[in-house]
2 protein chains.
Amino acid sequence: MKTIRPFTRAIDRLSDAGLRPTRQRVALARLLFEDGDRHISAEQLHREATEAGVKVSLATVYNSLNQFTIAGLLREVAVEAGRSYFDTNTTQHHHFFNDDTGELQDIPGDSVVLSALPAAPENTVIDGVDVIVHIRNK
Amino acid sequence: MKTIRPFTRAIDRLSDAGLRPTRQRVALARLLFEDGDRHISAEQLHREATEAGVKVSLATVYNSLNQFTIAGLLREVAVEAGRSYFDTNTTQHHHFFNDDTGELQDIPGDSVVLSALPAAPENTVIDGVDVIVHIRNK
DNA sequence: GTGTTTGCAAAGTGTTTGCAATTTA
DNA sequence: TAAATTGCAAACACTTTGCAAACAC
């Protein structure tokens, strides 16, 4: 009864990524990865953790999000200056960003198609393509 | 035959946009608009102004950039959390962002083509599409 | 003159860091 | 026990704001 499956999965995910599965990191990983694709900021995650009764400092949330990102568990999405979002879906895909509400969401399937990609400038290589479709409430 | 963009003085540009052409705003508009397309942050513009002998405070640079943006003279481009870039080219186009150097540049011509656009979610309308091609040095 | 704009410094965000205490392996 | 991690507060980078003085019309 002590061995909860999802708990174990979070631990394995962290271990596999070379991150020590501490109490805080496991709790954050569960919040992040147990409910499918998520787009979340550090503040939001910290609030969720606190509401779930997990004692973790905001600094640790920031540090963990950055470590998870470096480890390839998360992807950082820049939508507007001053706020960072982290996306649990690390595969190549694109986003709607609601400028009214600040909400970020995936663009489903392949409903965005880039039919031509530019050549990278001299001495550079393409590292990734972000498409942000800005939307606002009707 | 080549389309020549009509030369508009900084003063007229500001007046037409409903902005009082003060000494500071005129100086900033000159720096921004007299040398073709530019991608610049508030700090950079402030430094340029200072180097050009224009006395203007950083707060006024920020305020002016925001006013210019609201007036449609500039377009703000979000590339990474924590830094705002302003683009003097307000037409629909896309960008390379060099993650190594922090440099932002236009993607030339039609070398990026979005061949499909998603439908906006319920009760929202599409406001614009940003394509950022992240590059890094070889 | 009257309303607008500026500059300064202070305040506000969001994020990172130094370091002692704690936890993990 | 040694090394890694945490929490706190302070530091940070960037941006906005309040208000008195300066300016544009």
Side-chain angles (χ1 to χ4, degrees), chain A residues 7-8 10-29 31 39-50 53-71 73-74 76-86 97 102 104, chain B residues 9-29 31 39-50 53-71 73-74 76-86 97 99 102 104:
Chain A
F7 186 79
T8 304
I11 287 182
D12 292 340
R13 229 190 235 248
L14 292 171
S15 298
D16 291 351
L19 294 167
R20 205 180 266 200
T22 65
R23 180 178 62 75
Q24 291 88 338
R25 283 196 243 195
V26 172
L28 295 177
L31 289 170
H39 304 85
I40 200 166
S41 69
E43 288 282 1
Q44 286 166 6
L45 182 58
H46 182 242
R47 186 163 34 72
E48 273 196 21
T50 302
V54 176
K55 277 179 48 180
V56 58
S57 72
L58 183 56
T60 294
V61 172
Y62 273 106
N63 290 335
S64 299
L65 286 172
N66 287 332
Q67 292 153 355
F68 291 6
T69 301
I70 291 168
L73 266 37
L74 292 176
E76 193 169 358
V77 184
V79 278
E80 56 178 1
R83 202 182 336 203
S84 269
Y85 282 90
F86 295 86
F97 180 67
L104 185 69
Chain B
R9 285 178 307 151
I11 288 182
D12 294 336
R13 230 188 234 244
L14 292 171
S15 299
D16 292 351
L19 294 168
R20 202 179 268 200
T22 65
R23 181 178 61 75
Q24 290 88 339
R25 293 211 273 230
V26 172
L28 295 177
L31 290 170
H39 304 84
I40 199 166
S41 69
E43 288 281 0
Q44 286 167 5
L45 182 57
H46 182 243
R47 186 163 32 73
E48 274 195 21
T50 303
V54 176
K55 278 179 47 182
V56 59
S57 72
L58 182 56
T60 295
V61 172
Y62 273 106
N63 290 335
S64 299
L65 286 172
N66 287 333
Q67 291 151 357
F68 291 5
T69 302
I70 290 168
L73 266 37
L74 292 176
E76 193 168 357
V77 185
V79 277
E80 54 177 3
R83 188 183 275 158
S84 270
Y85 282 90
F86 295 87
F97 180 67
D99 292 286
L104 185 69

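Per chain, numbering begins at 1; letters A, B, ... match sequence-line order.
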* **Main-chain N/O of B:R20 paired with B:R25 side-chain donor or acceptor, under 3.5 Å** => yes

Between B:S84 and D:dT15, is there a contact of a side-chain N or O with OP1 or OP2 at under 4.0 Å?
yes

* If only side-chain N and O atoms of A:S41 are considered, is one of them under 4.0 Å from the OP1 or OP2 phosphate oxygen of C:dG14? -> no

Heavy-atom closest pair (B:A49 atom, B:L31 atom, distance to 0.1 Å) is CA-CD1, 3.6 Å

Round to a whole Å and report the spacing from [atom1] of [X] to [atom2] of [N].
{"X": "B:K55", "N": "C:dT5", "atom1": "NZ", "atom2": "C1'", "answer": "16 Å"}
{"X": "B:L58", "N": "C:dT6", "atom1": "CG", "atom2": "C1'", "answer": "13 Å"}
{"X": "B:E80", "N": "D:dC14", "atom1": "CD", "atom2": "C1'", "answer": "12 Å"}
{"X": "A:R83", "N": "D:dT15", "atom1": "CZ", "atom2": "C1'", "answer": "14 Å"}
{"X": "B:Q24", "N": "D:dC23", "atom1": "CD", "atom2": "P", "answer": "9 Å"}
{"X": "A:L19", "N": "D:dA3", "atom1": "CG", "atom2": "C1'", "answer": "15 Å"}
{"X": "A:L28", "N": "D:dG7", "atom1": "CG", "atom2": "C1'", "answer": "14 Å"}
{"X": "A:I11", "N": "C:dT24", "atom1": "CD1", "atom2": "P", "answer": "11 Å"}

Taking for A:R20 and for B:R23 the nucleotide of DNA chain D with the nearest heavy atom, the one nearer the 5' end belongs to A:R20

Check your understanding: Do A:V77 and A:H39 have side-chain heavy atoms sitting under 4.5 Å apart?
Key -> no

To the nearest 0.5 Å, atom CD1 of A:I70 lies from atom CG of A:L65 at 11.0 Å

Between the OG atom in A:S64 and the CG atom in A:L74, the distance rounded to the nearest 0.5 Å is 10.0 Å

The answer to which of A:P21 and B:S57 contacts DNA chain C further toward the 5' end, by nearest nucleotide, is B:S57

The nucleotide from D:dT17, C:dT15, C:dT5 with an atom nearest the side chain of A:A42 is C:dT15

From the candidates C:dT5, C:dC8, D:dA3, the one with an atom nearest any side-chain atom of B:A59 is C:dC8

Residue pairs passing the salt bridge (charged side-chain N to carboxylate O under 4.0 Å, His left out) test with at least one member in residues 40-50 of chain B, sequence neighbours excluded, are B:R38-B:E48

For a side-chain contact (heavy atoms from CB on, under 4.5 Å) check, start with the C-alpha distance between B:N66 and B:F86, then their side-chain angles and the critical distance, and finish with the verdict.
CA-CA 9 Å; B:N66 287 333; B:F86 295 87; 4.0 Å; yes

Secondary structure of DNA chain D per the Watson-Crick/G-U criterion (both distances under 3.5 Å; [ ] crossing, | other strand, . unpaired) is |||||||||||||||||||||||||

Note: contacts of residues 60-70 of chain A with DNA chain C (heavy atom, under 4.0 Å) are A:Y62, A:N63, A:N66

